[in-house]
Amino acid sequence: MERWQRRAAKTIGGVLALIVLTSLLYHYVMVAVEGRSQSYFHSTQVVIETFTGTGYGSDSPWGSPLGNLFVMAMDLGTFLVLFIVVPYVFQPILEESFSPTAPRTTELADHVLVCGYSSRSERLVDEFESRGVDHLVVVEDESEALALDEAGTSVIRGDPTAVEDLERANVDDAAAVVIDTADEAAASAVLAVRERTADVRVVALCSDRSLERPLRYAGADTVVTPRHLLGRRIAERVRAEIDPRVSDVTSLGDGVSLAELSVFEESTVCGKTLAELGVLEATDVILVGLWKGGAFVSEPSPDLEIDEHTVLLVAGDESTLKELESHTAPARTSHPRVVVAGHGEVGSTISERLRAAGVACTVIDREELPGVDVVGDATDEDVLERADLQTATAFVVAVGSDDEAILSALVARELADDLDVVVRANDADSERKLRRAGADYVLTLPDISGRLLALDVLREEILSYDRQLTVVRFESGRFAGRTLGETTIPESDCILVAVERDGEIVTDVPLEFRFEADDSLLVAGDDEAIDALESGFDSAPA
């Protein structure tokens, strides 16, 4: 029973007892003192009329002083009863009736339980909703639970580290559990899950890599550290731009590779149109799309001019992509140097990996920490000049605030227009702003986190999770027997990279191409586009 219900029961019981006792005393005064002959039921009626302030009926007036004193005592007692009953009982009842409350229990089974909620798990919940996967979020804060409930998210209010609250979330019947609490509470949440069940798969998210081993000791099957993986990916991307021995071409398997190629001002392709570059007519290369002017263009015009702010996303044969990469790359310097703004989990991972590869780094941070070369604000022009940004090969922005990242990118682009600017973002909505501010390459933490979780929890075959676009393998599903032109793919924001059939890869897929039941489709797009397209498939990704 809720606290206010227990309070109401006690108060109502007390009021009823007071009425009974007062009625007995009043009846005695009327009979013994006033000399009246009346029923006990009538005495009770008069007491209730007095307590409720509705009047006294035929009993007024009273002749004896004791009778009048007793009635006056009842009148005063009425105020006491009202002051107790109204604020102490009826106000909570009214609040309970008119104020929305978050759910406390669920009937779901075979669902994915998400303990805690942040921008990282928000992306995963979007994946669940687009795929029709049963899921349930457990959050402790009442207002957050109400907001999620009103937004249509399956949620209950509860402590993710409390065994009894996880029991109400049917953790015993869950298909998997995702822990997305604060790092310091993650181990407690894992132990609470394991106290209820030893069989469910537990995936824990954490920011601090040092917690990976303790979380596994607690019972987590997988520990995901998105910040570290994001830093590692950015370091790989920067190395590919400054080291001729390193390529950013990623194999998708079966002879198909993917590359994100930034075009630099001094490269041989800068200033050419797509038609002059020849990628639109090439049979061994597919132009999946490109970023230009802060926006992604999935179907660019052949007359579109490639400039130093263009990033090409291409797929095809690995050797061909590496050849194209050599034409878009900048002139290699003998002593490359990278300026890294921010020395948190992401920034420190970037600088450590670059320094381990022999790349000189200048690190900027607000605090004087080991590994920091320039102490100051990365949005301050004087601080960037002290870091010799104008002579740097690349600038990596890994600060904690997207607003600061935007300012830093703007200032950096003003100081060095031909600089390669790579930015880590916390919010996917900031990506377009960062590109308009001058960023050449943007990776967002929620997208990386959501893809990693989908990869592990949903067992998706995500072939490229750490790029600006996702590449996913789908089975043909309900598209079997239909031509490409008869499907929703051409009208979607996704690009069909290739089709695998009988062990062979078809990269040039015309609208007349008819899908067969055993075909596998390699599809590229941003996360929202992939989610929207997936509803057209009968089967989940392999």
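Every heavy atom of this structure was used, including side-chain atoms; hydrogens, water molecules and symmetry mates were not. Small disclaimer: the values here were computed from a predicted structure and weren't measured. Residue numbers run from 1 in the order of the sequence given.
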Exercise for the section: Considering non-hydrogen atoms only, spot the tightest contact between V442 and A425 and give its length. Expected result: CG1-CB, 4.2 Å
Fill in the blank from the handout: Between V423 and A405, the two heavy atoms sitting closest are CG1-CB, 4.0 Å
Handout entry: Name of the residue among I406, L410, L407, D403 meeting side chain to side chain contact (heavy atoms under 4.5 Å, CB included) with T379
Key = L407
Practice task
Mark yes or no for whether S408, through its side chain, and A378, through its backbone, hold a donor-acceptor pair below 3.5 Å.
Solution key: yes
Problem - Side-chain donor/acceptor of T153 to backbone N/O of D149, under 3.5 Å - result: no
Practice task
Using a 4.5 Å cut-off on heavy atoms from C-beta on, say whether the side chain of C206 contacts that of V223.
Solution key: yes
Problem - Interatomic spacing from CZ in R482 to OG1 in T488 - rounded to 0.5 Å - result: 7.0 Å
Exercise for the section: Mark yes or no for whether H343, through its side chain, and S351, through its backbone, hold a donor-acceptor pair below 3.5 Å. Expected result: no
Problem - D110 and D134, any side-chain heavy atoms less than 4.5 Å apart - result: no
Handout entry: N426: partners by side-chain contact (heavy atoms from CB on, under 4.5 Å), with sequence neighbours left out
Key = R227, D402, R424, L445
Handout entry: Any residue meeting side-chain contact (heavy atoms from CB on, under 4.5 Å) with E367, in chain and number order, not counting sequence neighbours
Key = D365, L369
Problem - Heavy-atom closest pair, residues A394 and V238 - result: CB-CG1, 4.2 Å
Problem - Straight-line distance of R233 CZ to T349 OG1, nearest 0.5 Å - result: 14.5 Å
Exercise for the section: Side-chain contact test, heavy atoms from C-beta onward, threshold under 4.5 Å: evaluate it for E404 versus R366 and give yes or no. Expected result: yes
Exercise for the section: Would you mind reporting whether L521 and I489 have side-chain heavy atoms less than 4.5 Å apart? Expected result: yes
Practice task
Could I get the full list of side-chain contact (heavy atoms from CB on, under 4.5 Å) partners for A182, not counting sequence neighbours?
Solution key: E184
Problem - D159 backbone acceptor or donor facing D165 side chain under 3.5 Å - result: yes
Exercise for the section: Compare all side-chain heavy atoms of L205 with those of V203 and state whether any distance is below 4.5 angstrom. Expected result: no
Fill in the blank from the handout: Correct closest heavy-atom pair for A192 and P160 would be CB-O, 4.4 Å
Problem - Closest non-hydrogen atom pair between A174 and L113, with its separation - result: CB-CB, 4.4 Å
Handout entry: Gap between atom CD of E164 and atom CG of L166 - 0.5 Å precision
Key = 8.5 Å
Handout entry: 4.5 Å side-chain heavy-atom contact, C115 and V177
Key = yes
Practice task
To the nearest 0.5 angstrom, please state how far the NE2 atom of H228 sits from the CD1 atom of I350.
Solution key: 11.5 Å
Problem - Distance (rounded to the nearest 0.5 Å) between I156 CD1 and E140 CD - result: 12.0 Å
Practice task
For T106 and N170, test the side chains for any donor-to-acceptor distance below 3.5 angstrom and give the result as yes or no.
Solution key: no
Problem - All pairs passing side chain to side chain donor-acceptor pair (under 3.5 Å) where residues 187-198 contributes a residue, at least two apart - result: D172-R196, R194-D221
Problem - V340 vs R355, side-chain contact (heavy atoms from CB on, under 4.5 Å): CA-CA, chis, key distance, verdict - result: CA-CA 12 Å; V340 180; R355 283 168 173 164; over 6 Å; no
Practice task
Would you confirm whether D141, through its side chain, and E144, through its main-chain N or O, come within 3.5 Å as a donor-acceptor pair?
Solution key: yes
Exercise for the section: For D518 and R501, run salt bridge (charged side-chain N to carboxylate O under 4.0 Å, His left out): C-alpha distance rounded to whole Å, both residues' side-chain angles, the deciding distance at 0.1 Å, then the answer. Expected result: CA-CA 7 Å; D518 296 331; R501 174 179 292 176; over 6 Å; no
Practice task
Tell me, please, which residues at least two apart from F513 pass ring-ring contact (aromatic ring centres under 6.0 Å, His included).
Solution key: F515
Problem - Residues that S154 engages under side-chain hydrogen bond (donor to acceptor under 3.5 Å, both in side chains), provided they are two or more places apart - result: none
Completion exercise
For V421 and A409 the tightest heavy-atom approach is CG1-CB, 4.4 Å
Practice task
Kindly compute the distance separating CG (L136) from OG1 (T105), expressed to the nearest 0.5 Å.
Solution key: 10.0 Å
Handout entry: Test item: L146 and R157 side chains (from C-beta on) under 4.5 Å apart, heavy atoms
Key = no
